[in-house]
Every structure is written in structure tokens, then in C-alpha cells.
Asks: 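Quick one: the structure is below, questions incoming.
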Amino acid sequence: MLAPVLLLQGLNVRRTTPKLAEPEGERLGQTGTNPELSVLILGDSAAAGVGVANQDQALLGQVIHYLRPQGHLKYGLFAKTGATTSTTLESLNDHIDCSHPILGQGHFDIIITSLGVNDITSSLSCGKWLQQQAQLLTLITERYTPKLILVTAVPPLGSFPALPNPLRWSLGQRAKHFNHKLQQLLLMLDQQALDQQQIDQQQIDKQSKAQTRFTLINLPLENPQQDSSMVDFMRQVMATDGFHPGPQIYTAWAKLIAEQIQLRK
């Protein structure tokens with residue numbers, strides 16, 4: 001019975017939500033002459049930095065800021081508004097040669113992904129999304145041989161101010177389900193990496209190579225104000241459209257990423 005209501009609300013949200021531009025700024029570069037660490041950010045509008053004015057305030061700029069004490073950094077950002085796991089896979093396959101300035105790179109130490117919102121707001125099943133996520137993670141592991149892949153969980157759509165109920169509740173439940181299954185996938189992939197590393201170490205005549213590790217990043221969105229709802233809190237920290245991160249979220253997100261990278265060193 002809810003389906004027609006959800007459909008109408010979804011169409012109305014798409015029609016009335018302000019369309020924010022991707023921020024200006026460099027998406028490829030390095031912070032010194034001899035970078036010690038290389039980072040790739042892959043994803044959707046949140047990865048691209050929609051919600052702030054420039055890349056310095058966005059995820060990329062904040063990651064650079066928090067990683068700067070760890071040494072010089074080479075970085076690349078490949079993200080686009082509306083991107084899904086499937087379209088990102090297509091882009092990677094379309095640029096399999098070395099001609100693309102970012103995707104054509106041969107190696108990245110750290111890869112950060114932010115994909116899922118546009119998958120969840122479509123009719124894609126969780127099973128199909130997990131299959132696409134597994135394909136994406138396998139592809140970037142084989143192509144870029146990273147030490148660590150940080151997969152950003154789908155944000156709490158059940159608290160997005162731009163979404164009316166019952167659509168907000170429905171998408172929130174769907175996001176929780178997708179995240180639960182994503183966590184299981186990453187735990188499995190990480191355990192496989194640990195098992196392979198142990199096998200390599202036991203084979204004396206075989207050169208052991210570092211296996212890619214996988215970690216889920218949950219956005220640190222704790223409501224510190226006990227007298228207000230989570231939706232009201234999100235309204236304060238999100239962009240003006242009520243759908244994208246604001247500067248506070250990008251800062252907290254990047255800080256958490258930097259902490260995870262430091263832990264894995």
C-alpha cells in the first residue's frame with residue numbers, strides 16, 4: 001500500500017531538492033616532491049564534495065589536511081554526481097589503459113570509496129548491489145594493489161531532512177540493510193586477505209606480498225544535543241539541500257579516514 005506514496009514522494013523530492021554544483025578545485029596532484037603515500041577517492045557526489053564551495057573544504061581537501069603530518073601525499077579524486085556502483089565500474093573498465101590521468105595510475109596505497117546512496121534510491125536489489133560492490137573491490141584491488149581500501153557506509157538516509165516520511169523511514173531501513181550486508185562482505189574479504197597472508201608467510205620459498213585490507217567507515221554522526229531530534233541535528237550539519245554533507249561532516253569523515261590509515265601503518 002505504501003508503494004504509490006513512496007513513488008510520489010520520491011518524484012517530488014527529485015523535483016524540489018536544489019541541485020548543488022560540484023566544488024571547484026584540483027582533483028589530482030601531490031603535496032611534495034617525493035610523496036610517501038598515494039590516495040584515490042572514488043565515488044558519487046559526496047566523494048566529489050557537493051555541499052561545500054571548494055575542494056579544500058570537501059573530503060579530498062580534508063583528507064589531505066589530516067594526512068599531511070604523516071608525510072607528502074599523492075592524490076586523485078574520481079567522483080561524479082549521480083554515480084552508482086555500476087557506473088563507477090563502467091568508468092574503470094572504460095579507462096583500462098594508462099591514458100586517464102587518474103584511473104590510468106598504476107598504484108594507490110589507499111583507496112576510499114563512497115557509493116550507495118544512488119543505488120539505494122533506485123530499484124536495485126541489495127543482492128545485485130553486493131555483487132557489484134564485490135566486482136568493484138576486486139577490480140581496484142587487482143589494478144591498483146592498495147594496502148587498504150576504506151569503504152564508506154551508506155549514510156543514515158532515515159535522518160535526511162530533505163526526505164519526507166514515510167519515504168525517509170523506508171530509505172533509512174533500506175540503508176541499514178545494505179550496510180549490514182556490506183559489512184559482512186568486507187569482513188569476508190578481509191579475512192580472506194589475512195588467510196592468504198598467513199599462507200604466503202608459511203611458504204619459505206615464496207616471496208610474501210602484502211594483501212589488501214578492507215575496512216568499513218561509518219560516518220561519525222552522533223547527535224550531541226539530547227533535546228533535539230536526529231533530523232534536526234542533521235539539518236544543522238548538512239548542506240542547504242538537506243541531502244549532502246556540510247563542512248562539519250566532511251571534516252569528521254576525513255579525520256576518521258586519517259585515523260584508520262594511521263592504525264593500519
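Quick caveat, the model's predicted, so the values are computed rather than measured. Side chains included, hydrogens not; waters and symmetry mates left out as well; all remaining heavy atoms used.
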Asks: Per the side-chain hydrogen bond (donor to acceptor under 3.5 Å, both in side chains) rule, what does the pair list look like for residues 235-257, sequence neighbours excluded?
Replies: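 Applying side-chain hydrogen bond (donor to acceptor under 3.5 Å, both in side chains) to every pair that reaches into residues 235-257, excluding sequence neighbours, yields S45-H244, Q62-T251, T152-W253, Q225-Q236, D232-R235, D241-H244.
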
Asks: Do the side-chain N and O atoms of N118 and T84 include a donor-acceptor pair separated by under 3.5 angstrom?
Replies: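 No, T84 and N118 have no side-chain donor paired with an acceptor closer than 3.5 Å.
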
Asks: Just checking, is any N or O donor in the side chain of H180 or Q184 under 3.5 Å from an acceptor N or O on the other one?
Replies: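 Distance-only check passes for H180 and Q184.
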
Asks: Do the rings of Y144 and F108 sit parallel, tilted or perpendicular, given the 30° and 60° boundaries?
Replies: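 The arrangement is perpendicular - the two ring planes meet at more than 60°.
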
Asks: Between T81 and K19, is there a side-chain heavy-atom distance shorter than 4.5 Å?
Replies: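 Of all side-chain heavy-atom pairs linking T81 with K19, none is under 4.5 Å.
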
Asks: Any side-chain donor-acceptor pair under 3.5 Å between H107 and D109?
Replies: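 Note: H107 and D109 side chains meet the donor-acceptor criterion.
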
Asks: Check the hydrophobic clustering (I, L, V, M, F, W, Y; side-chain heavy atoms under 4.5 Å; chains of links allowed) and say if I64 and L28 are grouped together.
Replies: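 Result: yes, single cluster for both.
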
Asks: Under 4.5 Å between side-chain heavy atoms, chaining through other members, with only Ile, Leu, Val, Met, Phe, Trp and Tyr counted: pull out the rest of the cluster around L11, sorted by chain and number.
Replies: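 So far as hydrophobic clustering goes, L11 is joined with L7.
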
Asks: Are Q132 and L124 side-chain neighbours, meaning at least one heavy-atom pair lies under 4.5 Å?
Replies: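 Side chain of Q132 against side chain of L124, heavy atoms only: contact under 4.5 Å found.
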
Asks: Could you pull out all donor-acceptor pairs under 3.5 Å where a side-chain atom in residues 70-80 meets a protein atom, sequence neighbours excluded?
Replies:
from	atom 1	to	atom 2	distance (Å)
Q70	OE1	K265	NZ	3.4
Q70	NE2	Q262	OE1	3.2
K74	NZ	Q105	OE1	3.3

Asks: Once rounded to the nearest 0.5 Å, what's the spacing between atom CG of L157 and atom CE of M234?
Replies: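 So the gap between those two atoms works out to 8.5 Å.
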
Asks: Is a donor from one side chain sitting under 3.5 angstrom from an acceptor on the other, for T88 and S91?
Replies: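 Per modelled atom types, T88 and S91 side chains form no pair under 3.5 Å.
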
